[in-house]
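For reference, the structure is listed below as structure tokens.
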Protein chains: 2
Amino acid sequence: MYSDRFNILVQKLRLLPSVGSKSAQRMALHLLMRQRTGALELAQAIQDAVEHIHECSVCHALTELEVCEICQDSERDDALLCVVESPADVFAIEHSGSFKGKYHVLHGHLSPLDGIGPEEVGIPHLLQRLSQGQIKEVILATNATVEGQATAHYLVEACKHLPIRITRIAQGVPQGGELEYVDSHTLHQALTHRLLLNQD
Amino acid sequence: MYSDRFNILVQKLRLLPSVGSKSAQRMALHLLMRQRTGALELAQAIQDAVEHIHECSVCHALTELEVCEICQDSERDDALLCVVESPADVFAIEHSGSFKGKYHVLHGHLSPLDGIGPEEVGIPHLLQRLSQGQIKEVILATNATVEGQATAHYLVEACKHLPIRITRIAQGVPQGGELEYVDSHTLHQALTHRLLLNQD
């Protein structure tokens, strides 16, 4: 029904994350009925982005440059390296404004069942970067999921021989979290890693 | 942060319906990290669709032809015309397989407060089509919303002088609907327009 080109558009829109066939059809109709100029701008923006944006050769975040702006920024602490699973995590941490070191972006997390091992995740390149001796502390900021934890655990083992301090971002009750609604595993973590407030 | 082209891509993805800044960023990262080939195919599909898909000159549904396949289909009943608000509604009705007449697609519904009157909705073109004398019944299948009802009401008045049967799709409890959860306005409609099951 309608046209082949319409069906192809719907099918290609489904490549976007969380877009099913109903949403894709709605998007296609919206573009064709109400956003024809915008649609062409979107197509152009996609082509431009794919052509010019690639991974930073140092940290693997996305950039238009050979080495990204964060890696080039001399005001950031070269001795402090935050390891994350994806460029989206760099966004999130930068947005929090609470980190002034450098980043290293893995290609996701270890997932042996899917055939994703240390090589695929880019761990050899990270270890090579660490072995250059400039970095004094690695903050493991992989997700607090089973896979993220496993990846962090693997990295601790892999870095054992290096004279580098290895830390993990804290896990506990999120800001504004009400204990009643926090899952029991998080509560367990929060109790286990409780902070001492008086004495030293 | 990141690059201008990335920000432009995020901004353009927000043209899609129901896509906010967080989703747009996720989509952009997904395309750049996992779907670079697919992204280019999507861009191409958008350009192809905008270039080749336009409104059918008869019914205003979307088509690649001058006159769409439904309008050209000689097996469909030319005397029965279903009036809908958008091409998506044609999809929905075709999908139900319960209509074998022709369609006429309005440009949405009347919305005087937004400056959308009969002209903008394309009612003059519909009236012109009706005045050609081929159509014996018009089924008003605008949405069961306030605006859809108002549009249907306007059309009834506008067609008063024509020797055409005018009907409105039934409103009532949807299939599988439990009375307990049906809104009172729908129940009111369902009771008012109740069907006689015995006698004739």
Side-chain angles (χ1 to χ4, degrees), chain A residues 1-19 22-23 25-55 61-65 68-70 86-88 90-91 94-95 105 107-108, chain B residues 1-19 22-23 25-55 61-65 68-70 86-88 90-91 94-95 105 107-108:
Chain A
M1 140 111 221
Y2 283 168
S3 73
D4 287 347
R5 289 190 177 90
F6 186 85
N7 294 333
I8 292 170
L9 175 57
V10 170
Q11 182 196 323
K12 295 303 175 191
L13 281 166
R14 292 194 59 185
L15 295 174
L16 296 170
S18 318
V19 174
K22 269 271 176 189
S23 303
Q25 184 188 304
R26 230 175 91 243
M27 286 175 171
L29 286 170
H30 181 82
L31 290 178
L32 289 168
M33 303 283 291
R34 298 208 180 81
Q35 285 284 2
R36 294 180 85 92
T37 312
L40 292 176
E41 289 168 4
L42 169 59
Q44 189 61 51
I46 293 171
Q47 286 169 337
D48 282 352
V50 170
E51 188 178 341
H52 291 98
I53 299 176
H54 46 77
E55 286 187 7
L62 294 175
T63 179
E64 291 184 37
L65 310 168
C68 77
E69 285 170 352
I70 293 179
S86 93
V90 176
F91 265 128
E94 285 297 291
H95 188 70
V105 181
H107 285 138
Chain B
M1 140 114 222
Y2 283 167
S3 73
D4 287 345
R5 288 189 178 89
F6 185 84
N7 294 332
I8 291 171
L9 176 57
V10 170
Q11 183 196 322
K12 295 303 175 192
L13 283 165
R14 292 195 59 186
L15 295 176
L16 296 169
S18 318
V19 174
K22 268 271 175 189
S23 303
Q25 184 187 303
R26 228 174 92 243
M27 286 174 170
L29 285 170
H30 181 82
L31 291 177
L32 289 167
M33 304 282 292
R34 300 209 179 81
Q35 285 285 4
R36 295 181 83 91
T37 311
L40 292 177
E41 289 167 5
L42 170 58
Q44 189 63 51
I46 293 172
Q47 286 168 337
D48 282 353
V50 170
E51 189 178 342
H52 291 97
I53 300 175
H54 47 77
E55 286 187 7
L62 294 175
T63 179
E64 291 184 37
L65 310 168
C68 78
E69 286 170 350
I70 293 179
S86 93
V90 176
F91 265 128
E94 285 298 292
H95 188 71
V105 181
H107 284 139

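So that the names make sense, note that chain A is the first sequence line, chain B the second, and so on, each numbered from 1.
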Per-residue contact mode, B:Q25 against chain A (heavy atom under 4.5 angstrom): side chain

For the candidates A:Q44, A:H30, A:K12, which exhibits the highest count of non-hydrogen atom pairs separated by less than 4.5 Å from chain B? A:K12

For A:R26, all residues meeting side-chain contact (heavy atoms from CB on, under 4.5 Å), sequence neighbours excluded: B:P17, B:S18

Residue part contacting chain A, namely of B:V19, when any heavy atom lies under 4.5 Å: side chain

When B:R5, B:E51, B:Q35, B:Q11 are compared by non-hydrogen pairs under 4.5 Å with chain A, the top option: B:R5

Under 4.5 Å to a heavy atom of chain A? For B:Q47 that would be both

Proximal component of A:L13, with respect to chain B [non-hydrogen, under 4.5 Å]: both

Going through the checks in order, is the side-chain contact (heavy atoms from CB on, under 4.5 Å) test met by A:V50 and B:L32? CA-CA 6 Å; A:V50 170; B:L32 289 167; 4.3 Å; yes

A:L62 versus B:M33: any side-chain heavy-atom pair under 4.5 Å? yes

Working to the nearest 0.5 Å, report the span between NE2 of A:H54 and OG1 of A:T63. 6.0 Å

Could you walk me through whether A:V90 and A:V105 satisfy the side-chain contact (heavy atoms from CB on, under 4.5 Å) test, starting with their C-alpha distance in whole Å, then the side-chain angles of each, then the deciding distance to 0.1 Å, before giving a yes or no? CA-CA 8 Å; A:V90 176; A:V105 181; 3.6 Å; yes

When the 4.5 angstrom heavy-atom criterion is applied to B:L15 and chain A, the contacting part is both

Contacts of A:H107 meeting ring pair (Phe, Tyr, Trp, His ring centres under 6.0 Å) (sequence neighbours excluded), chain-then-number -> A:H60

If one checks every heavy atom of A:E41 against chain B at 4.5 Å, the contacting part turns out to be both

